[in-house]
> 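Shown below is the structure under consideration.
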Amino acid sequence: MKNKRANSTPQKPLTPAMEDYLEAIFNLGREKRAVRVKDIAKRLNVKMPTVTSMLNTLGDRGFVDYQKYEYIELTRKGHRVGKEINRRHKVLLSFLTTILNINPKKADEEACKMEHAVSPSTLDRFVEFMEFLQSCPRAGSSWLDNFEEYRLHGRDPNKCVERMKEFSKGFGHRIKTISDVKEKDGDVANPHRPKSRGR
């Protein structure tokens with residue numbers, strides 16, 4: 001009866017520290033056959049008694065299977081949380097390094113802080129934005145290079161005009177290419193459609 005009452009009590013949200021542990025165990029579990037307390041302590045740069053205390057807390061909440069002096073394993077819900085936090089970290093790290101061109105070490109530290117606050121829906125928007133920059137007409141590496149130049153040196157009216165001309169020229173070419181592909185696809189989809197006759 002005691003366990004039933006405990007399980008029915010709403011649990012408090014996970015703290016950032018708890019999420020860090022679950023993420024660390026998730027990653028260590030992919031790297032090693034067995035995860036030990038010392039592995040977690042080394043990964044998170046904390047002392048082993050601190051790890052043991054946290055594992056007891058996570059174990060009581062059903063996120064890890066842990067007995068003293070034994071290997072540590074994530075439960076199903078612990079694995080789910082660890083995997084999601086790791087996904088957030090990777091997306092944010094990619095955004096900070098690829099889009100904002102932040103130093104990888106600093107970006108990794110910042111991603112660790114941000115991953116606990118951003119919601120899954122916002123994270124998906126980050127992913128969509130990065131895909132947009134890489135695939136849509138006004139995106140791509142040159143667009144990112146221009147952003148980096150603007151960030152370092154500020155707005156240069158002459159260069160802005162030059163960029164606009166380059167964009168206009170390139171954008172017109174891309175529209176023509178897309179139109180040609182669509183027209184070609186339309187001909188394939190409607191092979192019996194009569195072709196227009198020239199004068």
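Along the sequence shown, the residues carry numbers beginning at 1. Quick caveat: nothing in here was measured; it's all calculated off a predicted structure.
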> Is it true that atom NZ of Lys32 has more than 12 heavy atoms of other residues, nucleotides or ligands lying nearer than 6.0 Å?
no
> Can you tell me if CD on Glu31 sees more than 12 non-hydrogen neighbours from other groups inside 6.0 Å?
yes
> What is the minimum heavy-atom distance between Lys105 and Asn103, and which atoms define it?
N-OD1, 2.9 Å
> Rounded to the nearest 0.5 Å, how far does CG of Asp108 lie from CG of Leu92?
11.0 Å
> Looking only at heavy atoms, what is the nearest atom pair of Pro104 and Leu93, with distance?
O-CD1, 4.1 Å
> So, for Met48 and Val37, which heavy atoms are closest and what is the spacing to 0.1 Å?
O-CG1, 3.8 Å
> To the closest 0.5 Å, what do you measure between CD1 (Ile25) and CG (Leu74)?
5.0 Å
> Any salt bridge (charged side-chain N to carboxylate O under 4.0 Å, His left out) pairs touching residues 86-96, not counting sequence neighbours?
Glu84-Arg87, Glu84-Arg88, Arg87-Asp124
> For Phe63, does its backbone N or O pair with a side-chain atom of Thr75 as donor and acceptor, under 3.5 Å?
yes
> Kindly give the heavy-atom pair with the smallest separation between Arg43 and Ala24, and that separation in Å.
CG-CB, 4.1 Å
> Determine the minimum heavy-atom distance between Leu22 and Leu14, stating which atoms define it.
CD1-CD1, 4.0 Å
> Within a radius of less than 6.0 Å around CZ of Arg125, do more than 12 heavy atoms belonging to other residues, nucleotides or ligands occur?
no
> Considering non-hydrogen atoms only, spot the tightest contact between Pro16 and His116 and give its length.
O-CE1, 3.2 Å
